[in-house]
Amino acid sequence: MRDCFEIRDGDVGGRIGRLTVPRAGVTVETPALLPVVNPNLQTISPARLEDEFGAEILITNSYIIRQTDDLRERALDVGLHELLDFSGAIMTDSGSFQLAEYGEIEVTTEEIIQFQLDVGSDIGTPVDIPTPPDVAREQAETDLEITQEALADAEAIDTGDMLVNAPVQGSTYPDLRERAGRHADATDLDVFPVGAVVPLMNAYRYDDMVDVVAGAKRGLGADCPVHLFGAGHPMMFALAVAMGCDLFDSAAYALYARDGRYLTVQSTEHLEELDYFPCSCPVCAEHTPEDVRGFDEETRERLLAEHNLHVTFEEIRRIKQAIRSGNLLELVETRARGHPAMLDGYRALLEHADQLEREDPVSKGSFFYLSDESARRPEVLRHHDRLDRLSLDGTVLLTEGGTPKEHDYDAVWRVVPPFGPFPRALSETYPLTAEVPERVDTDAYLAAADGVSRLVDANPDVTVTLAHDDWPDVALESLPDGVALENLASPRHADAEE
């Protein structure tokens with residue numbers, strides 16, 4: 001187990017954790033946002049990030065500092081914390097971003113790790129190869145080998161109390177991401193960034209991002225804190241947390257402000273097109289869009305950056321509460337309805353329900369059936385898997401109604417879409433307490449029918465009758481041939497139950 005990371009609570013793949021950063025003498029609660037601080041251009045000072053926005057950790061670029069003469073000398077003289085005026089934890093990047101942008105950098109892993117150590121970084125990073133999406137597999141494999149050599153180089157350096165990142169690469173090949181995660185987990189390194197996902201997010205390929213993260217998570221152990229490198233827009237945080245990401249670094253708050261863009265948890269708006277601010281943060285409470293447009297460029301940029309940070313930190317807090325309350329997937333689904341690409345991401349997440357089910361708590365706060373996607377949630381999968389373990393004899397009635405006043409069945413169970421059948425004694429047990437709309441969609445009935453089929457397959461000698469409330473034909477036709485059917489919506493059943 002890694003001593004630096006402790007999981008305190010969880011929902012789906014999301015965790016509330018404690019990342020101990022010994023060199024800084026602080027413990028960071030995750031999920032956590034690391035605002036990106038450009039040492040040459042600070043839209044909002046690190047001291048304000050800490051005091052006004054509650055930032056416990058930030059990230060800056062050690063390569064830029066090393067390559068800039070005055071910054072390098074000051075950092076070596078007074079250290080990063082005094083240079084940036086920040087008492088929380090400081091993570092430093094290595095120049096890999098510049099490598100991806102320009103194709104070459106003038107530093108090795110040994111040199112940049114030593115520099116990060118010398119200037120007082122709390123979490124350092126080796127020079128990995130951020131392989132872009134969709135490259136040939138041969139290139140992805142070659143780049144991954146170079147990254148793994150960089151991890152070995154970093155592992156060989158005595159970094160004392162400084163934690164070290166072990167980036168997980170592999171382009172858009174989930175099996176390579178899994179291999180990279182397994183290799184990184186086997187090192188003595190501490191934090192595990194999933195790299196080279198910015199192009200996917202810039203292209204709104206959230207489904208591919210989910211597959212990449214899922215691959216990395218399959219290789220990484222549960223005790224590995226996972227950083228999604230470059231994930232800065234708040235609309236995708238809930239999705240990424242549900243997949244198991246713990247740390248996010250964001251330059252979006254400043255970059256978008258510089259371009260006159262205003263973040264919400266569902267979209268990006270242009271200041272010029274806004275008549276009202278849909279937010280109650282201090283900036284939006286005190287100013288109108290017209291006010292902000294009237295300020296000079298520097299003030300306008302600062303105010304937009306402040307708003308962008310407020311909405312971003314607010315979403316992190318909302319996600320933490322959703323984890324604590326056990327309704328993270330409800331939040332993910334709400335966010336998924338804000339953009340078609342986010343819906344693709346949510347659907348991709350549900351394709352990994354079997355993987356997420358292993359981390360998802362057995363009992364939690366609520367299950368709201370909000371759409372046909374809800375029929376594929378991990379809780380439904382878990383319930384169906386457990387049906388395989390149940391043993392029945394004789395004749396069984398599965399009913400959406402009550403228990404008949406007179407019957408000769410050996411057992412009478414409830415059946416509720418999307419879960420399917422279960423003993424009545426479990427009616428008040430999560431997730432069978434789910435809130436389900438009156439107008440259930442076809443996918444819920446199909447999921448319930450799958451549950452009936454799983455129970456019948458596990459008990460082939462049992463005679464099963466399904467008393468349903470006018471299920472659609474497509475669901476009834478998916479049932480095993482031996483299941484007898486009664487439609488509770490027919491008039492003859494009106495007085496037959498209690």
Side-chain angles (χ1 to χ4, degrees), residues 2 4 21-24 34 36 39 57-69 71-72 75-76 79-80 89-132 135 139-171 176-177 179-198 216 219-220 224-230 247 249:
R2 284 179 164 79
C4 67
V21 188
R23 202 175 195 201
L34 293 73
V36 175
I57 183 171
L58 58 76
I59 184 170
T60 193
N61 193 307
S62 66
Y63 182 73
I64 291 176
I65 295 172
R66 186 178 184 271
Q67 297 303 107
T68 308
D69 291 343
L71 285 175
R72 180 179 65 250
L76 288 169
L80 277 181
I90 298 177
M91 179 186 291
T92 45
D93 198 2
S94 62
S96 293
F97 175 78
Q98 283 72 23
L99 178 63
E101 289 290 307
Y102 308 117
E104 186 176 356
I105 57 174
E106 300 174 358
V107 71
T108 66
T109 285
E110 294 92 336
E111 291 168 340
I112 200 66
I113 290 288
Q114 188 60 54
F115 180 73
Q116 292 171 96
L117 191 61
D118 292 343
V119 298
S121 174
D122 302 309
I123 308 174
T125 307
V127 181
D128 59 308
I129 306 297
T131 311
V135 301
Q139 179 185 336
E141 290 179 324
T142 299
D143 288 352
L144 183 55
E145 289 177 4
I146 298 172
T147 291
Q148 292 177 345
E149 290 171 5
L151 300 193
D153 292 340
E155 195 176 11
I157 300 169
D158 182 4
T159 57
D161 286 340
M162 184 177 78
L163 303 180
V164 180
N165 284 319
V168 178
Q169 298 292 349
S171 187
L176 293 186
R177 293 284 185 167
R179 183 198 305 175
R182 190 171 296 109
H183 178 272
D185 187 21
T187 70
D188 292 331
L189 304 181
D190 308 288
V191 181
F192 302 87
V194 179
V197 292
V198 171
L220 294 169
C224 293
V226 177
H227 181 173
L228 192 62
F229 255 154
L247 301 168
D249 63 281

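From a predicted model like this one, the values you see are computed outputs, not experimental measurements.
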- Task: Evaluate side-chain contact (heavy atoms from CB on, under 4.5 Å) for Ile123 paired with Asp190, printing each intermediate quantity in order.
- Result: CA-CA 9 Å; Ile123 308 174; Asp190 308 288; over 6 Å; no
inquiry  = Given 3.5 Å as the limit, does a donor-acceptor pair link the side chain of Arg72 with the main chain of Arg66, or not?
reply    = yes
All heavy atoms of Pro130 vs all of Ala196, minimum pair found to be C-CB, 3.8 Å
In this structure, CD1 of Ile113 is separated from CD1 of Ile157 (nearest 0.5 Å) by 5.5 Å
Ala75 meets the side-chain contact (heavy atoms from CB on, under 4.5 Å) criterion, sequence neighbours left out, with Ile65, Leu83, Val119
The side-chain contact (heavy atoms from CB on, under 4.5 Å) partners of Thr108 (sequence neighbours excluded) come to Glu110, Glu111
So CD1 of Ile57 and CG of Asp122: to nearest 0.5 Å the spacing works out to 8.0 Å
Between Ala140 and Ser171, the two heavy atoms sitting closest are CB-CB, 4.0 Å
In terms of heavy-atom contacts, Phe192 and Ala184 come closest through CE2-O, 3.4 Å
Q.
Any heavy-atom pair between the side chains of Arg23 and Leu163 that's under 4.5 Å?
A. no
Here the gap from Leu144 atom CG to Glu141 atom CD, rounded to the nearest 0.5 Å, amounts to 8.0 Å
Here the side-chain hydrogen bond (donor to acceptor under 3.5 Å, both in side chains) pairs for residues 148-168, sequence neighbours left out, are Thr125-Asn165
Here the gap from Leu80 atom CG to Met91 atom CE, rounded to the nearest 0.5 Å, amounts to 13.0 Å
Evaluate the side-chain contact (heavy atoms from CB on, under 4.5 Å) criterion for residues Gln169 and Ile129: first the C-alpha distance (whole Å), next the side-chain angles of each, then the deciding distance (0.1 Å), finally the verdict. CA-CA 7 Å; Gln169 298 292 349; Ile129 306 297; 5.8 Å; no
Applying side chain to side chain donor-acceptor pair (under 3.5 Å) to Gln67 and not counting sequence neighbours gives none
Q: Run the numbers on Thr92 and Gln116 for side-chain hydrogen bond (donor to acceptor under 3.5 Å, both in side chains), then give the verdict.
A: CA-CA 7 Å; Thr92 45; Gln116 292 171 96; 2.5 Å; yes
Here the pair of heavy atoms bringing Leu151 nearest to Ala166 is CD2-CA, 3.7 Å
For Leu220 and Gly181, the nearest pair of non-hydrogen atoms, with its separation, is CD2-O, 3.3 Å
In short, Pro39 meets Thr60 closest at the heavy-atom pair CD-OG1, 3.4 Å
Across all chains, not counting sequence neighbours, the side chain to side chain donor-acceptor pair (under 3.5 Å) partners of Thr131 are Asp143
Open item on the list: So does Gly230 get a backbone contact from the side chain of Asp249, meaning a donor-acceptor N/O pair under 3.5 Å?
Closed with: yes
Residues passing the side chain to side chain donor-acceptor pair (under 3.5 Å) test with Asp185, sequence neighbours excluded, are Arg2
Interatomic distance, CG@Leu117 vs CD1@Ile112, rounded to 0.5 Å, equals 11.5 Å
In the structure I gave you, are the side-chain heavy atoms of Val164 and Pro126 within less than 4.5 Å of one another anywhere? yes
